[in-house]
Visitor: 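Attaching a single structure in structure tokens format; questions to follow.
None of these values were measured; they are calculated from a predicted model. A note on names: the letters A, B, ... follow the listed sequences, proteins ahead of strands, and every chain is numbered from 1.
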Amino acid sequence: MVLRVFNTLGRRKEEFIPLNPSEVRMYVCGPTVYDYIHIGNARAFVVADVVRRYLKYKGFKVRYVSNITDIDDKMINRAKEMGISIQELGEIYSNAYFEDIDKLNIERPDVTPRATQHIPEMIEAIETLIKKGYAYVVDGDVYFDISRFEEYGKLSGNRAEALEMGARIEVNPKKRNPADFALWKAWKPGEPGWHSPWGKGRPGWHIECSTMAQKYLGETIDIHMGGKDLIFPHHENEIAQAEAITGKTFARYWLHNEWLTVGGEKMSKSLGNFITVRDALKMCSPEVLRFFLISAHYRSPLDFNEKALKNAERRLERLINAVERLHDLPEREDETAEDRRLLLEIENGKRKFEEAMDDDFNTPLAISALIGMAKAINSYADVNEKIEGRIKRRILKIFTDLLEVLGVRWEAEMEVSYGNRLLKDLISILIDVRDELRKRRDWKIADRIRDRLRSIGIILEDTPKGTKWRISRK
RNA sequence: GCCGGGAUGGCCGAGCGGCUAGGCAAGCGGCUGCAGACCGCUGUACGAGGGUUCAAAUCCCUCUCCCGGCUCCA
């Protein structure tokens with residue numbers, strides 16, 4: 001089946017064909033490490049992670065690069081505020097960044113280049129741009145001359161003339177065109193700086209990404225991702241720089257995710273609705289947060305609120321319950337018509353899942369396919385005590401492979417319940433005693449055991465086949 | 001001023017010309033000592049008005065209302 005993706009460049013869905021069939025090269029704009037990442041950042045990274053996982057699922061090899069911006073105005077200001085060096089600041093928050101993405105089960109990038117470690121490459125790129133006539137030097141600053149790059153605006157749809165009209169660009173007299181952007185910023189007292197042919201200074205933001213992307217992925221990359229706010233000016237400028245240097249297409253598919261809102265409004269520090277991943281994780285588990293972030297299509301806005309979180313939690317719980325239930329189902333030798341019917345339903349669900357994902361990563365539709373599969377498993381387990389071993393393993397494999405694509409950590413969930421030997425033994429003693437009480441119809445004490453276990457996060461469920469237990473996922 | 005995205009049942013959220021996703025919440029029923037989990041069933045939709053069509057939530061036009069980008073931002 002063919003994968004179709006919505007390319008911001010051209011604003012339409014296109015069949016995805018990597019330049020090199022054996023390896024997809026993707027680049028995702030990473031964080032500026034001046035603060036903890038917020039849930040909007042998390043959405044972008046989770047979406048990119050799902051894209052990466054699905055490409056792998058489809059059999060592509062993926063080389064995934066995502067940078068860390070560790071030098072810019074925000075870094076400088078924040079370091080001053082905190083009274084620490086920029087290096088220390090970067091160290092603190094890049095560590096926090098990795099901790100956060102690990103919790104969210106986002107696979108680490110193959111390469112995480114840092115801007116400050118690629119200054120020579122950036123200087124070289126800027127020199128080339130000057131030599132080719134795309135950039136000019138003014139008082140130690142270097143600017144990109146957008147009038148020299150004819151295709152400027154092809155990604156965002158902004159035309160240079162229109163940008164001049166825009167009242168919001170502050171006029172910088174050094175620039176030839178108001179929309180020209182800085183490639184290199186001359187040093188100012190109190191700021192870090194590197195030596196360059198134009199004097200001491202530091203690189204502009206846009207040159208960081210395009211330079212590092214090209215260094216690790218080549219002149220033309222397959223997929224470039226980020227939040228929609230990056231379309232202009234960041235990605236537009238990256239294209240201008242990169243293509244001016246090489247004369248080749250910089251990125252073939254541009255994918256941008258929509259906003260995450262809070263209470264219907266865009267997050268911003270001034271509104272005070274800025275939620276970091278760390279704050280969000282006080283409200284729910286990382287698994288639930290991740291699942292919530294893919295509960296809407298990546299190109300649709302998504303609102304962060306308690307109800308939506310609760311919704312995600314319940315749906316996720318249903319999926320994991322079903323995996324566990326199938327996992328625990330005893331095996332038998334012979335296969336029945338019921339077994340075969342279940343397998344058929346699962347295979348059908350798998351097809352639906354793939355169709356959904358092939359259509360521009362439609363995760364909500366893919367999730368509904370998974371829920372359908374969970375329902376089939378539950379219906380089966382309601383009436384069948386056992387299942388033929390090979391069919392069971394096959395179904396389990398299909399189902400868990402799909403969960404893996406979405407990054408649902410079913411295995412970790414199960415390990416909590418099954419991994420701790422002591423806990424396991426202890427609870428089986430309690431269940432045993434409680435069984436005895438139930439036989440004597442001593443509901444009061446039996447319920448007390450159940451209630452108290454529940455209060456510490458252990459849920460007992462009485463079934464016709466005995467009492468089962470699991471750890472609460474809240 | 002210039003670009004762009006939306007408005008789907010109480011809520012979230014797919015669908016984007018015919019085959020009326022899915023979930024959460026609610027109600028009913030089953031299983032249960034109760035609870036939980038699970039299964040089955042039920043209801044309530046496509047912002048407004050025109051048009052195109054045998055057929056429109058889906059296409060076209062007009063309008064209303066939301067949200068965003070053009071400045072650091074995922």
Side-chain angles (χ1 to χ4, degrees), chain A residues 8 11 28-32 34-35 37-48 69 72-74 77 153 156-159 161-170 179 181 205 225-234 236 256-261 264-269 274 292 295-303 305 307-318 321-322 324-325 352 356 359 362-372 374-383 438 441-444 446-447 450-451 454 459-464 467-470 472:
Chain A
T8 306
R11 296 179 202 282
V28 179
C29 287
T32 300
Y34 73 110
D35 202 346
I37 61 165
H38 62 250
I39 52 179
N41 297 306
R43 182 180 194 191
F45 300 147
V46 167
V47 163
T69 296
D72 82 332
D73 292 347
K74 287 183 305 235
N77 295 336
S156 62
N158 288 329
R159 288 186 306 276
E161 315 86 70
L163 289 170
E164 284 184 57
M165 306 288 285
R168 297 168 81 180
I169 294 173
E170 78 179 74
F181 56 91
W205 177 39
M225 295 186 72
K228 68 177 264 192
D229 52 316
L230 295 183
I231 295 172
F232 191 89
H234 187 52
E236 194 72 75
H256 296 278
N257 61 277
E258 251 291 345
W259 290 106
L260 182 77
T261 56
E265 284 179 309
K266 181 185 166 182
M267 275 193 295
S268 73
K269 294 216 159 160
F274 196 88
F292 159 74
S295 66
H297 185 94
Y298 77 93
R299 283 190 292 112
S300 295
L302 177 64
D303 192 60
N305 59 66
K307 262 188 169 175
L309 230 43
K310 181 82 195 152
N311 209 318
E313 181 185 301
R314 268 266 50 215
R315 305 177 85 192
L316 179 61
E317 191 180 24
R318 293 192 64 170
N321 281 348
E324 287 187 0
R325 203 167 172 194
K352 281 187 186 161
D359 185 13
N362 192 334
T363 50
L365 196 57
I367 290 168
S368 83
L370 288 177
I371 287 177
K375 199 171 269 192
I377 290 168
N378 284 322
S379 294
Y380 178 92
D382 277 351
V383 293
R438 290 179 70 219
R441 310 184 71 80
D442 188 345
W443 309 125
K444 216 176 151 189
D447 288 353
R450 188 174 61 194
D451 291 346
R454 192 183 186 89
I459 295 168
L460 295 194
E461 290 173 355
D462 298 321
T463 73
T467 301
K468 299 176 107 181
W469 68 276
R470 60 185 170 83
S472 165

Visitor: In whole angstrom, what separates A:Lys228's NZ from B:G5's P?
Guide: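 The distance from NZ of A:Lys228 to P of B:G5 comes to 9 Å, rounded to the nearest Å.
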
Visitor: Of all the nucleotides listed (B:G69, B:A14, B:A74), which has the minimum atom distance to the side chain of A:Asn41?
Guide: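 Taking heavy atoms from C-beta onward, the closest nucleotide is B:A74.
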
Visitor: Below the 4.0 Å mark, does B:C39 have OP1 or OP2 next to a side-chain nitrogen or oxygen of A:Asn378?
Guide: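 Looking at the OP1 and OP2 atoms of B:C39, one of them is under 4.0 Å from a side-chain N or O of A:Asn378.
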
Visitor: For A:Pro364 and A:Ser295, work out which heavy atoms get closest and say how close.
Guide: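 Closest heavy-atom pair between A:Pro364 and A:Ser295: CB-O, 3.6 Å.
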
Visitor: I'd like a list of close polar pairs between nucleotides 20-23 of chain B and the protein, N/O only, cut-off under 3.5 Å.
Guide:
from, atom 1, to, atom 2, distance (Å)
B:A21, N3, A:Ser368, OG, 3.4
B:G23, OP1, A:Lys375, NZ, 2.9
B:G23, O2', A:Asn311, OD1, 3.3
B:G23, O2', A:Arg315, NE, 3.1
B:G23, N2, A:Asn311, ND2, 2.9

Visitor: How far does CG of A:Asn311 sit from CG of A:Asn305, to the nearest 0.5 angstrom?
Guide: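 Answer rounded to 0.5 Å: 9.5 Å.
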
Visitor: Distance between the C1' atoms of B:A35 and B:A74, in whole angstroms?
Guide: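 Here B:A35 and B:A74 have their C1' atoms 43 Å from each other.
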
Visitor: Of the nucleotides B:G33, B:C70, B:A14, which one has an atom closest to the side chain of A:Phe232?
Guide: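 Closest nucleotide among those given: B:C70.
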
Visitor: Measuring only the C1' atom in each nucleotide, how far is B:U20 from B:G43? A whole number of Å is fine.
Guide: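 So the two C1' atoms sit 15 Å from each other.
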
Visitor: Using a cut-off of less than 4.0 Å, is there contact between a side-chain N or O of A:Asn321 and OP1 or OP2 of B:C38?
Guide: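 A:Asn321 to B:C38 OP1/OP2: side-chain N or O found under 4.0 Å.
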
Visitor: Considering residues at least two apart in sequence or located in another chain, which fulfil the ring-ring contact (aromatic ring centres under 6.0 Å, His included) criterion with A:Phe181?
Guide: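 In terms of ring-ring contact (aromatic ring centres under 6.0 Å, His included), with neighbours along the sequence ignored, A:Phe181 is linked to A:Phe144, A:His206.
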
Visitor: For A:Ser300, report the nucleic acid contact type (base, sugar-phosphate, nothing); a contact means any heavy atom under 4.0 Å.
Guide: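 The answer is sugar-phosphate, as A:Ser300 gets under 4.0 Å only of primed atoms, P, OP1 or OP2.
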
